[in-house]
Protein chains: 2
Amino acid sequence: MAEPKRRRIPEATVARLPVYLRILLELAEDKTATISSERLAELAGVNAAKVRKDLSYLGSYGTRGVGYDVEYLMFQMSRALGLTHDWPVVIVGVGNLGSALANYAGFGDRGFPVAALFDADPRKVGQVVAGRVIQHVDELPDVVAESGPVIGIIATPAPVAQSVADRMVEAGITSILNFAPAVITVPPGTSLRKVDLAVELQILSFYQQHSATFGRAGGASRGNGKRGGRRAALLDTANGNGTGAAGRARRANTGAVPAGG
Amino acid sequence: MAEPKRRRIPEATVARLPVYLRILLELAEDKTATISSERLAELAGVNAAKVRKDLSYLGSYGTRGVGYDVEYLMFQMSRALGLTHDWPVVIVGVGNLGSALANYAGFGDRGFPVAALFDADPRKVGQVVAGRVIQHVDELPDVVAESGPVIGIIATPAPVAQSVADRMVEAGITSILNFAPAVITVPPGTSLRKVDLAVELQILSFYQQHSATFGRAGGASRGNGKRGGRRAALLDTANGNGTGAAGRARRANTGAVPAGG
DNA sequence: GTGCCCATGTTCACCAATTCACAAAGTCAC
DNA sequence: GTGACTTTGTGAATTGGTGAACATGGGCAC
């Protein structure tokens, strides 16, 4: 092993890397050759020091006085994220959400092709969605055994989410993304992330309610230049960390504080 | 003011409250009268101490030696989250995802009725989705002005997400949930949360890749009792904080560590 | 080839969040 | 009414992450 492990990359950093990567992709399309941590921070809505620290976990890939080479940084970042090859995904539960996910082109584009669709409803099995025949969930183990490592997506109703997760784990899936509004547990060694609409809305509700306690944030919304350049960044983040929906202005660079009136 | 502000509730706690609330709802349906912090922690996939501390921010609503009254706790929690009345949502962008969201019954059920659908595509305007006529996005300000405070959901393609956010802010919306795969910025006083599919998948990819560094986590998946009771909980959390998709076992209670082989 | 300039990479101090451990406070049995 | 038992609520210690400040080191002008 040459140097396989630099430092252990913090979870918060891991959650931000994909954001940087997407920005780099856009920059590359615009034929931008190099980027400074400051500019990248601005585009990602974070602090420049944080960007530098995050990138330093990947290695010293910047050039002092110049910045980071976009192409090279993209390569290193993709490597760190394990995106050098495709990760097929299998979707269990082909209702409204499952169909939408299956049809979402962004998946395949970014290295996550939809490998198979499953449902437990016999009426759905055999139907074609997004160019794929829906299979019965009983066939999950066989499909996984054939196709190798995949990411499992749960898009079922809440009551069956845990049992689906169990079946995924048993089939050998070690990465699961749960869209069902239910807490599910998996054994150690399996990665689990969740996306929960209702929870997100309720968090927003909290901050909305809370900002109302200090006088009505709404007024300042239209504050200054509505489109002329980006403003005080609060990268907020359903993923990763930094939940920070900011009830009050937090260190407002632009000085447009809502409560001040 | 009697006692409007106890302590300031930490963001991490705010992100967990909705999870507790959902569990309480299920418990109430099962006619469970009281719940201990330990049991609640188990159901939520977190630490019991954390539950107690989280709940203590709401006030001292437990009874020592007994636990928490489910109904009463639900009430207090709903109040804290601002869920005593409905929060209408407006969805901008009625593509695959937007339609799925509009059709998602879970919204209205939980106090977030869909108030209106918008799109910029003239071919979509006038069509009916989920029982609602799609309006042109230009009408957004009028609708918001009429209906009062709403939560804005962005389900557009990435390139227009920022401009949609700007229009929402200008219309007076102060809570935005962004599904578009783009970083958007809003002025202070506006709450922003994001849900990003690609980012979630890439985070999973990282941990999948990483667990492979220590020998292949896949093997241990089937470890012990596949359904017999919940196991070492890792609440992982696309929202809130604690990104923690656990590459390796983290403090595995059950002892089934993947790398051990 | 020399020196200035500029952005990186890293150190350090701070802040937020988690976890432990335990006293306080209530119930229930008798 | 008393005592044992259970579970909460919180203070303190620890961990993880953030942000500012600064030294390091490479490019570029001349």
Side-chain angles (χ1 to χ4, degrees), chain A residues 6-17 20 33-42 44-70 72-73 76 232-237 239-247 250-253, chain B residues 6-17 20 33-42 44-70 72-73 76 233-237 239-244 246 250-251 253:
Chain A
R6 306 202 133 267
R7 263 162 298 180
R8 191 131 281 29
I9 302 183
E11 295 181 3
T13 294
V14 173
R16 282 188 295 267
L17 290 181
Y20 301 145
T34 62
I35 178 103
S36 69
S37 62
E38 189 139 6
R39 179 94 182 98
L40 183 51
E42 193 185 345
V46 299
N47 183 300
K50 201 185 284 183
V51 169
R52 289 201 294 277
K53 182 163 281 189
D54 285 343
L55 297 186
S56 76
Y57 286 111
L58 303 178
S60 288
Y61 298 136
T63 307
R64 293 167 194 235
V66 177
Y68 300 87
D69 182 88
V70 173
Y72 188 56
L73 190 54
Q76 291 296 347
L234 20 134
L235 168 61
D236 270 323
T237 143
N239 62 22
N241 97 6
T243 57
R250 49 154 72 174
R251 240 156 269 180
N253 307 344
Chain B
R6 306 202 132 268
R7 263 162 299 181
R8 194 133 269 39
I9 303 183
E11 295 182 3
T13 295
V14 172
R16 281 188 296 267
L17 291 182
Y20 300 144
T34 62
I35 178 101
S36 70
S37 62
E38 188 140 7
R39 178 95 183 96
L40 183 51
E42 192 185 346
V46 299
N47 182 301
K50 200 185 285 183
V51 169
R52 289 200 295 277
K53 183 149 280 193
D54 284 344
L55 297 186
S56 76
Y57 288 111
L58 304 178
S60 288
Y61 299 134
T63 306
R64 293 167 194 236
V66 177
Y68 301 86
D69 182 88
V70 173
Y72 189 57
L73 190 54
Q76 291 296 346
L234 24 131
L235 168 61
D236 267 324
T237 141
N239 65 21
N241 100 5
T243 58
R250 48 153 72 172
R251 242 157 268 179
N253 309 343

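Letters A, B, ... are given to chains in the order of the sequence lines, protein chains preceding strands, and every chain is numbered from 1. Note that the coordinates shown come from a computational prediction; the quantities given were computed from them, not determined experimentally.
Contact between B:L17 and B:L58 at its shortest, heavy atoms only, is CD1-CD2, 4.1 Å. In plain terms, the two heavy atoms of B:D69 and B:T34 that are nearest each other are CA-CG2, 4.3 Å.
A sub-4.0 Å separation between OP1 or OP2 of D:dG17 and a side-chain N or O of A:K50 is absent. Remark: A:N47 is not in phosphate contact with D:dG17, judged by side-chain N or O atoms under 4.0 Å from OP1 or OP2. Here B:R39 does not reach the OP1 or OP2 of D:dT8: none of its side-chain N or O atoms lies under 4.0 Å away. An OP1 or OP2 oxygen of C:dG26 is reached within less than 4.0 angstrom by no side-chain nitrogen or oxygen of B:Y68.
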#### Entry: Under 4.0 Å protein heavy-atom contact, by nucleotide of nucleotides 25-30 of chain D - B base, S sugar-phosphate only
BBS---
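B:R39 CZ to B:Y68 OH: the interatomic distance, rounded to the nearest 0.5 Å, is 15.5 Å.
Across C:dG9, C:dT18, D:dG9, the shortest atom-to-atom separation from the side chain of B:R52 is found for D:dG9. Side-chain atoms of A:A49 lie closest to D:dG19 of the nucleotides D:dG19, C:dC22, C:dT19. For B:S36, the listed nucleotide lying nearest its side chain is D:dT8; candidates were D:dA12, C:dA17, D:dT8. Looking at the side chain of B:S60, the nearest of the listed nucleotides C:dG9, D:dT18, D:dG9 is D:dG9.
Residues forming a side-chain contact (heavy atoms from CB on, under 4.5 Å) with B:E38 (at least two apart in sequence, or on another chain): B:S36.
Along DNA chain D, the nucleotide nearest B:G67 and the nucleotide nearest A:D54 are compared for position; the residue whose nucleotide lies closer to the 5' end is B:G67.
Between the side chain of B:K53 and the base of D:dG9, no donor-acceptor pair of N or O atoms lies under 3.5 Å.
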